[in-house]
Amino acid sequence: MSVPQDPPLLTERLRLRRPVPSDATVYHRMWMERDPRVPAHRRLDSDGRPTVDDISRDLIAGESALESRHTGLLSIEIVETREVIGYCGLVGERAAGHMPELAFELLARFQGRGYATEAAEATIAWARACGIARLQATVWDWNTASRRVLEKLGFHDTGRVDKTLGDASSLVTELDLESQRE
């Protein structure tokens, strides 16, 4: 098997690349835009944390973690404008019994244009080229837009619910990449 291209990943409209500290402003905006049903620890707190500086430090610290065989979270840029609109990538351990997890999030004004699906397709293709056999994705039960994206990508509902985040219910979905190999 040939070694897959490391990020950046390119699609017709998007470039997925390693995040840089200046992306923190966009990531912070996504924290501000999160639905109030998202658990409190994943939204800005009453002091406005995480701040842009906090997120920037996390992006810098995460560079060494991104050296692994996973993409990590990649910033999504529109090729034409180079504007950062969100993130997509694989997170989690590749230890025995653990599946990498597909994660994505976009600024609200860029939702509904197919960007999440396009970015996720590029990430899934990269995972397949790396020899990853299965992916999982969790999605809030109320997040119908992300659930539709996952369905388009071929993820199926496992019937499992992750209740580790308090009152919020996260549905666990999986994608078998082995069955999709050509």
**Polar contact flag, side-chain donor to acceptor under 3.5 angstrom, E118-T11** = yes

**From OH (Y115) to CG (L106), nearest 0.5 Å** = 9.5 Å

**Message:** Aromatic contact between Y87 and F104, with the criterion being ring centroids under 6.0 Å apart: yes or no?
**Reply:** no

**Message:** Evaluate I55 against W31 for side chain to side chain contact (heavy atoms under 4.5 Å, CB included), listing each step before the verdict.
**Reply:** CA-CA 10 Å; I55 294 169; W31 276 76; 4.0 Å; yes

**Request:** In sequence, state the C-alpha distance, the side-chain angles, and the governing distance for L102 and L90, and then conclude on side chain to side chain contact (heavy atoms under 4.5 Å, CB included).
**Result:** CA-CA 5 Å; L102 177 71; L90 301 180; 4.3 Å; yes

**Prompt:** Would you call R17 and E77 a salt bridge, using N to O less than 4.0 angstrom?
**Reply:** yes

**Message:** Quick check on R13: does its CZ atom have over 12 non-hydrogen neighbours (other residues, nucleotides or ligands) under 6.0 Å away?
**Reply:** yes

**Request:** Keeping to residues at least two apart or across chains, list the salt bridge (Lys or Arg N to Asp or Glu O under 4.0 Å) pairs with something in residues 102-113.
**Result:** R34-E105, E83-R109

**Item:** 4.5 Å side-chain heavy-atom contact, M32 and L44
**Value:** yes

**Message:** Is it the case that the side chains of S56 and D53 hold a donor-acceptor pair, with the cut-off being a distance below 3.5 Å and no angle test?
**Reply:** no

**Request:** Enter the distance from I76:CD1 to R15:CZ here, rounded to the nearest 0.5 Å.
**Result:** 12.5 Å

**Asked** With sequence neighbours left out, what residues match F155 under ring pair (Phe, Tyr, Trp, His ring centres under 6.0 Å)?
**Response** none

**Request:** Check the pair D35 / R37 against salt bridge (Lys or Arg N to Asp or Glu O under 4.0 Å), numbers first and verdict last.
**Result:** CA-CA 5 Å; D35 189 288; R37 293 173 286 186; 2.9 Å; yes

**Message:** Could you go through R134 and E174, starting from their C-alpha distance and side-chain angles, then the distance that decides it, and tell me whether this counts as salt bridge (Lys or Arg N to Asp or Glu O under 4.0 Å)?
**Reply:** CA-CA 7 Å; R134 297 176 71 76; E174 290 182 6; 2.4 Å; yes

**Message:** Do S75 and D23 pair up side chain to side chain, a donor and an acceptor below 3.5 Å, judged on atom types alone?
**Reply:** yes

